Participant: 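Dropping the structure in here first, questions after.
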Amino acid sequence: MLLLTLSTYAMGKLGFSGIAVVFFLLLTAALKGTFIIRDFMELRDVSLLWRVIMYGWLWIICLAIAITYIISL
Amino acid sequence: MFTFIYSLKYSIVTTIQIEQEPKLLPGDFAIWMFIFMELLVFAIAFLSYAIVRVQNVEMFNEYQLTLNRELGAANTLILITSSYFVIRAVHAIKGNNIKGCIVWLYAALGGGSAFLILKSMEYYDKFSQGISLSTNTFYMFYLSLTMFHFLHVILGMIILLAVAIKAQRGAYSAQDHIGVETGASYWHMVDLVWIILFPLVYIIR
């Protein structure tokens with residue numbers, strides 16, 4: 001997760017932009033969020049309902065943000 | 001014989017059902033209702049930022065460059081590390097290591113304090129340049145989103161401090177640690193929100 005954060009920072013520092021970079025950054029954020037939900041919050045073995053709510057929140061947010069960035073191109 | 005086989009079968013089926021029973025949410029259920037509400041509010045805020053940006057792409061890209069990415073990245077690393085300390089606190093109390101739990105909770109609070117200090121430095125820099133909520137739409141979102149999260153960090157720290165003080169008074173043990181898990185769950189939510197907020201506001205363009 002620390003490495004993913006540093007890669008996110010590097011992308012910004014180097015001034016990379018474009019849809020591929022947007023997808024990479026959002027995917028990185030979604031992966032880190034997945035680690036937090038699964039391993040930090042320890043929701044790995046809880047009821048499917050709670051996992052759907054948490055993972056759904058994370059991936060829908062990232063997908064919706066990606067769509068707005070595609071529209072703005 | 002039939003009764004014995006039936007009871008044996010019932011026992012096996014019950015055991016399998018118990019083993020397959022999903023775990024309960026860690027901590028108090030009420031905190032999860034609060035977490036779900038908080039996540040919904042942040043989701044609306046993130047989507048509002050992304051939708052408004054569509055109509056103001058040039059302005060958002062221009063003023064995003066004025067943000068301090070180094071402090072933003074440092075704060076991300078601090079929050080992730082702090083969340084890890086909280087996991088260690090939960091594992092410590094599950095192992096009946098009360099002293100370890102207290103130490104890890106204060107370490108997490110140290111991380112939270114570092115986050116607040118760096119964020120305050122960032123705000124001081126912006127405010128000293130005369131930047132405010134009314135400067136433009138980008139800064140309105142930047143300040144309101146990050147300050148709203150800032151308040152959640154403070155609330156999370158208050159919860160962790162209360163848990164640490166209760167742990168010092170011997171309120172938690174390996175058998176009774178729901179309070180530690182409750183505080184931990186809220187703190188991880190604060191981390192989760194920042195994981196989206198940082199790239200959205202500081203990096204993605």
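A note on names: the letters A, B, ... follow the listed sequences, proteins ahead of strands, and every chain is numbered from 1. What you see is a predicted model, and the numbers here were worked out from it, not measured in a lab.
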Participant: Are B/Phe115 and B/His149 an aromatic pair, judged by ring center distance below 6.0 Å?
Facilitator: yes
Participant: Check each atom of B/Ser83 against the heavy atoms of chain A and say whether the ones under 4.5 Å are side chain, backbone, both or neither.
Facilitator: both
Participant: Between A/Ile37 and chain B, which part of the residue has a heavy atom less than 4.5 Å away: side chain, backbone, both or neither?
Facilitator: side chain
Participant: Report the option among B/Ala184, B/Pro26, B/Gly72, B/Gly27 that has the most heavy-atom pairs separated by less than 4.5 Å from atoms of chain A.
Facilitator: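 Of B/Ala184, B/Pro26, B/Gly72, B/Gly27, B/Pro26 has the most heavy-atom pairs under 4.5 Å with chain A.
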Participant: Using modelled atom types only, decide if a donor and an acceptor are shared between the side chain of A/Thr5 and the backbone of B/Leu77 within a distance under 3.5 Å.
Facilitator: no
Participant: B/Val54, B/Ile196, B/Leu47, B/Leu25: which one forms the most heavy-atom pairs within less than 4.5 Å of chain A?
Facilitator: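 That would be B/Leu25.
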Participant: Chain A heavy atoms under 4.5 Å from B/Tyr202: which part of the residue, side chain, backbone, both or neither?
Facilitator: neither
Participant: Counting only heavy atoms closer than 4.5 Å, note whether B/Ile87 contacts chain A via side chain, backbone, both or neither.
Facilitator: side chain
Participant: Is A/Leu43 in contact with chain B via its backbone, its side chain, both, or neither, using a 4.5 Å heavy-atom distance?
Facilitator: side chain
Participant: Heavy-atom pairs under 4.5 Å with chain A: which of B/Arg69, B/Gln55, B/Gln64 has the most?
Facilitator: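 With the most close heavy-atom pairs to chain A, the winner is B/Arg69.
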Participant: Drop me the distance from B/Thr66's OG1 to B/Asn68's CG, to the nearest 0.5 angstrom.
Facilitator: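 Taking OG1 in B/Thr66 and CG in B/Asn68, the distance rounds to 10.0 Å.
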Participant: With chain A, which of B/Trp32, B/Tyr49, B/Phe46, B/Phe42 has the greatest number of heavy-atom pairs at distances under 4.5 Å?
Facilitator: B/Trp32
Participant: Return the CG to OG1 distance between A/Leu58 and A/Thr34, rounded to the nearest 0.5 Å.
Facilitator: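 The OG1 atom of A/Thr34 is 5.0 Å from CG of A/Leu58, to the nearest 0.5 Å.
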Participant: Give, as side chain, backbone, both or neither, the part of B/Leu40 having an atom under 4.5 angstrom from any heavy atom of chain A.
Facilitator: backbone
Participant: Taking the six-membered ring for Trp, are B/Phe85 and B/Trp187 ring centroids under 6.0 Å apart?
Facilitator: no
Participant: I'd like to know which of B/Ile80, B/Leu39, B/Ile51 tops the heavy-atom pair count under 4.5 Å against chain A.
Facilitator: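 Top option by heavy-atom pairs under 4.5 Å: B/Leu39.
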Participant: Between atom NE2 of B/His188 and atom CG of A/Asp39, what is the distance when rounded to the nearest 0.5 Å?
Facilitator: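 That separation rounds to 10.0 Å.
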Participant: Considering only heavy atoms and a distance below 4.5 Å, find which of A/Phe35, A/Tyr69, A/Phe24 pairs most often with chain B.
Facilitator: A/Tyr69
Participant: Would you call B/Tyr186 and B/Glu38 a side-chain contact if the rule is heavy atoms closer than 4.5 Å?
Facilitator: yes
Participant: Which bit of A/Val21 comes within less than 4.5 Å of chain B, counting heavy atoms only: side chain, backbone, both or neither?
Facilitator: neither
Participant: Do the two ring centres, one from B/Phe150 and one from B/Tyr123, sit under 6.0 Å apart?
Facilitator: yes
Participant: Under 4.0 Å between a side-chain nitrogen and a carboxylate oxygen: does that hold for B/Glu181 and B/Lys23?
Facilitator: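 Here B/Glu181 does not pair with B/Lys23 in a salt bridge, since their nearest N and O are not under 4.0 Å apart.
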Participant: Which of the residues A/Ser47, A/Ala64, A/Cys62 is involved in the greatest number of heavy-atom pairs with chain B at under 4.5 angstrom?
Facilitator: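 Going by pairs under 4.5 Å, I would pick A/Ser47.
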